[in-house]
Amino acid sequence: MSGMAISGLHLTQIGRENFLLEPSHSLDISGSDELLVEILQRLQEAKASTLYYDLAELPLIEPRYYRWLNMLARACRAVNVAMVCIRMQPTAAFALSSYMQGSPDFAVGQGVKQ
Amino acid sequence: MAKQTKNTSKILTELLKLQIGNISERIEREGQTVFGGSNLLESDEIADLSVQFLQLLVALLESKDPDDDASPQFHALEMFFNNLAKQILVRGGRIEDLVRYIQFVQHTLIDTLGEDQNTKVDDARAILLYLSSLFNELVLAVFQAYLSEKERTIWAQEAELRETSTPITEIWDGVLTLPIIGTLDSSRTMIVMEALLNRIASERAVAVVMDLTGVKNIDSQVSHHLIQMVRAIQLMGADAILTGIRPDIARALTSLNIDLGNVTTRATLSDGLKEAFRRMGIQISHKAA
């Protein structure tokens with residue numbers, strides 16, 4: 001396993017083609033374009049196939065954050081990387097389900113598939 | 001409380017000490033009528049009650065400031081009636097009876113004062129005001145106890161209702177079932193979803209079978225809540241399987257333009273469980289003969 005720090009998040013390679021993204025509380029998604037490019041660059045360099053986005057530390061997902069997750073998922077798909085959001089908290093799932101329309105652009109799971 | 005002079009509290013204390021036997025006997029007799037007849041309190045308890053009350057009242061009158069409703073002596077008297085109220089309520093008694101008993105105690109003290117020939121009119125007036133103010137506070141303490149007991153009962157009933165309205169069962173490792181009976185309004189949806197999502201997280205459930213056999217009718221709001229529940233389950237990384245959708249419910253969902261395209265449905269709870277097992281790679285077969 002190897003870890004790479006990008007401002008506000010930690011990207012760890014797990015296995016050969018999988019990456020785990022752990023956002024910290026300081027993650028600033030207002031500069032999402034630059035952040036997105038940086039993440040995709042790392043994923044492409046490592047020939048990643050799946051990006052696991054860990055939501056365990058997020059008690060609430062607000063519309064702005066949901067848009068960021070969808071945008072990242074679509075961008076990942078464009079470079080042939082599947083994004084799976086894992087460990088969503090009950091409070092976050094409850095809040096998100098109340099305002100989301102249709103299906104999200106990312107897949108969901110309970111943890112990293114070995 | 002109404003202000004009284006040092007003299008009035010002294011007069012009242014002396015009067016109480018002088019007439020303690022008479023007052024205690026009258027209070028006890030009333031206690032036997034109110035609480036003894038309905039077996040709420042034992043005879044010994046009723047006797048203790050009047051003695052304890054008079055002791056606490058004398059302690060208050062002899063305290064540094066009998067008007068101070070923050071004094072330990074006043075608090076002790078307040079707690080005495082607060083506890084008595086709880087005791088009476090727990091044993092099935094009525095709060096009205098206790099309030100009447102307290103009023104009787106007040107009247108007894110006033111009668112005793114009236115029977116005393118030596119008390120001056122001004123002092124008697126001050127004592128009357130003081131007793132009236134004191135007993136008002138005591139009745140309030142009783143009502144506070146009554147309200148807190150009622151709140152506790154309501155809270156316990158609500159908790160029981162919550163428990164029975166969300167019968168979530170882990171029917172297999174990682175498979176939860178939730179039969180929905182009746183109507184899903186907003187508050188019930190909140191309760192069910194909170195319980196369900198927490199169970200998914202704690203049990204790491206991979207499938208939830210929601211059985212709607214008990215849902216008799218569905219409207220726009222209920223169907224919206226249902227879809228919200230399915231979405232939330234899926235967001236937690238579990239599969240949602242809806243079962244037991246009756247023909248009239250299916251027709252109602254269609255006319256409400258509810259798209260169940262992303263939702264797995266099965267006719268019966270049994271079929272729903274089979275589907276959950278299939279997804280988990282679990283095979284159930286009859287035992288070979």
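Chain letters run A, B, ... following the sequence lines, proteins first, then strands; residues in each count from 1.
- Around the CZ atom of B:R279, the shell of radius 6.0 Å holds more than 12 heavy atoms that belong to other residues, nucleotides or ligands.
- Between A:Q110 and B:V206, some side-chain heavy-atom pair lies under the 4.5 Å cut-off.
- The neighbour count for A:N80 CG, taken as heavy atoms of other residues, nucleotides or ligands under 6.0 Å away, does not exceed 12.
- Checking each of B:N198, B:L196, B:I200 against A:P90 for a side-chain contact (heavy atoms from CB on, under 4.5 Å) leaves exactly one that passes, namely B:N198.
- No more than 12 heavy atoms of other residues, nucleotides or ligands sit less than 6.0 Å from atom CD of B:Q283.
- Going from atom CD of B:Q228 over to atom CG of A:L96 covers 10.0 Å, rounded to the nearest 0.5 Å.
- Atom CZ of A:R87 has 12 or fewer heavy atoms from other residues, nucleotides or ligands within 6.0 Å.
- Only the side chain of B:M193 comes within contact range of chain A, with heavy atoms under 4.5 Å apart.
- Neither the backbone nor the side chain of B:E194 comes within contact range of chain A; no heavy atoms are under 4.5 Å apart.
- Here the side chains of B:M229 and A:S97 are not in contact, with every heavy-atom distance at 4.5 Å or above.
- Comparing B:R231, B:H224, B:M190 by how many heavy-atom pairs each has under 4.5 Å with chain A, the most go to B:R231.
- Here the CD atom belonging to B:Q234 is positioned 11.0 Å from the CE atom belonging to A:M88, to the nearest 0.5 angstrom.
- With rounding to the nearest 0.5 angstrom, the CG atom of B:L235 is 12.5 Å from the CD atom of A:Q89.
- More than 12 heavy-atom neighbours from other residues, nucleotides or ligands sit within 6.0 angstrom of CD on B:E170.
- Within 6.0 Å of OH in B:Y146 there are 12 or fewer heavy atoms belonging to other residues, nucleotides or ligands.
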